[in-house]
**Q** 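Pasting in a structure now, in structure tokens, and then I'll have a few things to ask.
Numbering starts at 1 and runs along the sequence shown. Model, not experiment: these values are computed from the prediction. Note: hydrogens, waters and symmetry copies are ignored here, and every other heavy atom, side chains too, is used. First listed ligand is number 1; within each ligand, the first listed atom is number 1.
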Amino acid sequence: MSRSPSHAVAADTLFDGRVVRQHWAVLVEGSRIQWVGPRGELPPDVPVDELPSGCWLAPGFIDVQVNGGGDVLFNDDPSPSAINRIATAHRRFGTTALLPTLITDTPEKMRMAWNAIESVPPNSGVLGIHFEGPFLSPEKPGVHDRAMIRTPAVEDYDLLASPSDRLRLVTLAPEQVRAGFITDLTKAGVRVALGHSMATYAQTRAALAEGLTGFTHLFNAMRPLASREPGPIAAALESPDVWFGMIVDGVHVDPAILRLALRGSAHPMLVTDAMPPVGGHRTAFSLFGCEAFARGQTCMREDGALAGSALAMIEAVDNCVRLLGVPLSSALSYASYEPANFLGLGHRLGRLAVGYQADMIALAPDPMQVQATWVAGHRHEAASNAKP
Ligand code: ZN
């Protein structure tokens with residue numbers, strides 16, 4: 001079998017997912033990283049893509065909560081072409097892998113969405129699906145349609161637990177499912193996150209013991225932190241083996257609260273919770289018959305309810321640095337290394353290391369812009385980061 005030709009990418013600054021290096025390069029063969037090391041140690045006969053002065057090379061972003069992009073809402077069009085359009089829209093902003101996210105909908109729509117995900121080629125950056133609902137608390141629906149919130153039926157379990165090589169993440173309210181349901185899902189390989197929930201601290205601890213490892217948009221749409229009922233937020237932040245999603249648009253959660261959350265033991269992940277305006281031309285869209293629109297990096301309904309975001313992942317990283325005061329390398333790890341580990345893919349995604357998939361971004365830090373992305377070693381130009 002002939003070997004794919006190798007090529008190298010060299011940068012002033014390389015962040016490998018854990019450590020920042022100066023004047024390093026990666027050698028890519030086909031879809032994989034073959035070597036990482038000092039620029040001067042590259043073999044002389046390899047073509048080298050030299051990034052512009054000041055540019056960073058970093059792992060591609062992994063977004064576990066993407067409702068839409070490129071003017072498409074996944075719920076409206078759960079088809080392979082819509083999924084590709086969403087993935088393409090987000091790729092411009094550094095996202096090389098994502099979970100299209102279906103918010104609470106009918107069993108038929110859930111089946112259609114899952115079938116569509118399974119028919120998209122696995123190397124396209126679409127890792128699987130995130131079902132956000134429908135097993136949620138009617139007390140914390142957010143913009144989910146309360147009429148479609150329900151408890152799991154046998155058919156739901158059969159859909160969620162069917163054998164597949166694609167990832168499934170389910171956001172649910174633990175107090176709305178039977179004891180053992182989370183264990184059954186996790187044993188079938190499904191990742192389970194708490195969200196849209198009124199679970200108490202004790203109920204959350206029980207869910208963690210059953211295998212729950214995630215918290216969806218921590219702080220939003222869940223029982224608040226309180227002195228005598230610490231609820232899911234305290235249970236999350238004191239746990240070293242869980243990951244929580246943060247929407248860093250400056251609106252969903254006050255930056256002071258997120259700075260506090262970063263002092264906890266849990267692992268932060270940047271998510272966009274993106275809606276159709278990201279990478280699209282329209283600023284308004286329909287959500288279950290209600291009009292919603294982008295205002296800055298946030299989306300809301302006309303009644304003022306938050307309805308996801310118009311946030312691109314590179315903007316989330318930028319906000320993380322500016323609003324939360326963390327180093328760029330940490331913000332980048334919240335968008336790559338941490339979600340890779342949450343999804344159980346930390347052995348092949350989220351780092352620039354030998355044997356890892358060549359999912360990478362070229363990043364200009366000031367002003368922060370994605371210059372190019374590589375998905376499985378294939379380079380895509382970021383024509384423009386400007387939003388229409
Ligand atoms: Zn939500």
**Q** For the Zn ion (ligand 1), find the closest N/O/S atom belonging to Glu132 and write down its atom name.
**A**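 Looking only at N, O and S atoms of Glu132, the one nearest the Zn ion (ligand 1) is named OE2.
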**Q** How wide is the angle at the Zn ion (ligand 1) between NE2 in His217 and NE2 in His196, to the nearest 10°?
**A**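 The two atoms subtend 100° at the Zn ion (ligand 1).
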**Q** Are Asp77 and Arg85 ion-paired here, with the side-chain N under 4.0 Å from a carboxylate O?
**A**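 Salt bridge between Asp77 and Arg85, a charged N being under 4.0 Å from a carboxylate O: no.
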**Q** Do Arg348 side-chain atoms and Gln357 backbone N/O form a donor-acceptor pair below 3.5 Å?
**A**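 A pair under 3.5 Å: no.
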**Q** Tell me, with the steps shown, if Arg39 and Glu50 meet salt bridge (Lys or Arg N to Asp or Glu O under 4.0 Å).
**A** CA-CA 10 Å; Arg39 167 78 180 83; Glu50 298 275 2; 2.3 Å; yes
**Q** Where does the angle between the aromatic ring planes of Trp114 and Phe131 fall among parallel (under 30°), tilted (30 to 60°) and perpendicular (over 60°)?
**A**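 Judged by the thresholds at 30° and 60°, the geometry between Trp114 and Phe131 is tilted.
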**Q** Give a yes/no answer: is there an N/O/S atom of His144 under 2.8 Å from the Zn ion (ligand 1)?
**A**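 Checking His144: none of its N, O or S atoms is under 2.8 Å.
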